[in-house]
Amino acid sequence: MQKVKSRKVRRTLNPQPLILYNSLTRRKEPFKPLHEGTVGMYVCGPTVYSHSHIGHGKSYVSFDIIVRYLRFLGYKVLYVQNITDVGHLLESGEDRVLKQSRLEEVHPMQIAETFTRSYFEDMDAVNVLRPDIAPRATGHILEQIELVKRLLKKGCAYEVNGSVYFDTRSFKDYGKLSGRSLEDTVEGTRVGTRDEKKNPQDFALWKRADPEHIMRWPSPWGEGFPGWHLECSAMSMRYLGESFDIHGGGLDNQFPHHECEIAQSECATGKPFVRYWIHNNLVTVNGQKMSKSLGNFVTLKDAFRKFDPLVVRFFILQSHYRSPLDFSDEALKAAQSGWEKLFETARAVKKELETATDRTAREKIDPEPFRERFLEAMNDDFNTPQAIAVLFDFTRAVNQRLNADAKPGMSELKAADKLFSDFAGTVLGILPARLERGKVSDGSLDVALVQLLIDVRAEARKQKLFALSDMIRNRLKSIGIVLEDKKEGTEWKLEK
Ligand SMILES: [Zn+2]
């Protein structure tokens, strides 16, 4: 009861309605969940066969902001984000996880485990809150088989040679999310399955496993494995019900993945599947999509060697989630100096609070207009670049006060600290946790210390103290940190 009460209080602090862009209706709409005060949200999780890159970072940071903001407004959010460890096929028809396991000569589940851990490690670093439930596709084979059976019974699917396909002609709304008609959706049809399908747009719900396919499960149609689209429908409905509030994912998943999810879910239940579809735009490199297949990707782990993970997060939030984000080292460097300004001011306020007394100055910062403008930005489809601009304005106002002759008093500093903590901390998640806990030191001490040693070594070499510079290099190597001297300076990486 207590919790419900506090939720109501919070929401009165946000007098404006939350408006979000719904990809399904292609317009901005006021957010109204199915059940007052609670939100069910599902986001397509990673396919775990490689380390996450900046593109994944943009997607999961974007949805993290949505979850954080909904919770800040007082909603009780159940956030489900799956792990795809089977069924996500390449154009060649090979399973991504299985292909990687062949290359590395290990069991496919070892690949899934390794990269699931790597994914959460990176997400923890960029301060993405973990989902409440992270279901794995291989752990939900029964639910998927049940869904296929249901679709067969309803006449929306058909079986051919141990594979089951969804009959797209049976669902009149096919194409409603992407705006494509059945006629212009033949692309991507794989050679080898064309002969089995009634229509080229039909997609596999269940695939017959060839003899050498290790990932296989018994089913009423013989040994096989589930299709990628099927798993998201089965797992989202398992935890959130047959109709739920928000489904998110990358823009590249809108078609065919999400279109197919809608078709099979709505055919099976006869109910609307999702109220609000939210899609994040992609990360580009020189205008081209960053992707594993194009080979132009930068992993988050690589980026963290040069930049604090929170700088990467800040960089992502400087563009709107529905806008593309062009990646370059220069853009990250610019983000770093912006982030440092914010962070330094928030830290200065904390430091000042340690010695402040309760005096009242004639001039005072009034946080209220900043608070209102920040909420206004976030209420407008989670406009983080606008919200960050408000924080910069606030930072300027705070710095003016900190540098004034009449120092700010305790209550003024506390109000400023609360605004930073609520908005830069709780909502945007760009303040280091140590600062949040009241300490003034930076969160990424180890990165700063390695850089310090690199600087000391450079100085030692300048002074021709080569024994010392070698010692620094060797001692770092003994703890797994490898230095590489390049034209632009010394870089470091963790030994594999
Ligand atoms: Zn999905």
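Counting starts at 1 for both ligands and their atoms, following the listed order.
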Arg322 NZ/CZ over Tyr21 ring centroid, <6.0 Å and within 45° of normal: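 Satisfied, under 6.0 Å and within 45°.
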With Asn22 via side chain to side chain contact (heavy atoms under 4.5 Å, CB included) - residues at least two apart: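 Residues passing side chain to side chain contact (heavy atoms under 4.5 Å, CB included) with Asn22: Leu24, Thr25, Glu29, Tyr276, Trp277.
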Residues in side chain to side chain contact (heavy atoms under 4.5 Å, CB included) contact with Ser323, at least two apart in sequence or another chain: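 Counting only residues at least two positions away or on another chain, Ser323 forms a side chain to side chain contact (heavy atoms under 4.5 Å, CB included) with His320.
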Protein N/O/S count near the Zn ion (ligand 1) (criterion: distance under 2.8 Å):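 If we list every protein N, O or S atom nearer than 2.8 Å to the Zn ion (ligand 1), we get 3.
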Throw together a table of side-chain donor-acceptor distances under 3.5 angstrom for residues 327-334, partners on residues two or more places apart or in other chains.
unit_1: Ser328; atom_1: OG; unit_2: Ala331; atom_2: N; d: 3.1
unit_1: Asp329; atom_1: OD2; unit_2: Lys306; atom_2: NZ; d: 2.9

Any donor-acceptor N or O pair under 3.5 Å, side chains Tyr79, Gln81: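 Note: Tyr79 and Gln81 side chains meet the donor-acceptor criterion.
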Check: His140 ring centroid to Tyr239 ring centroid under 6.0 Å: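 Yes, the ring centres sit under 6.0 Å apart.
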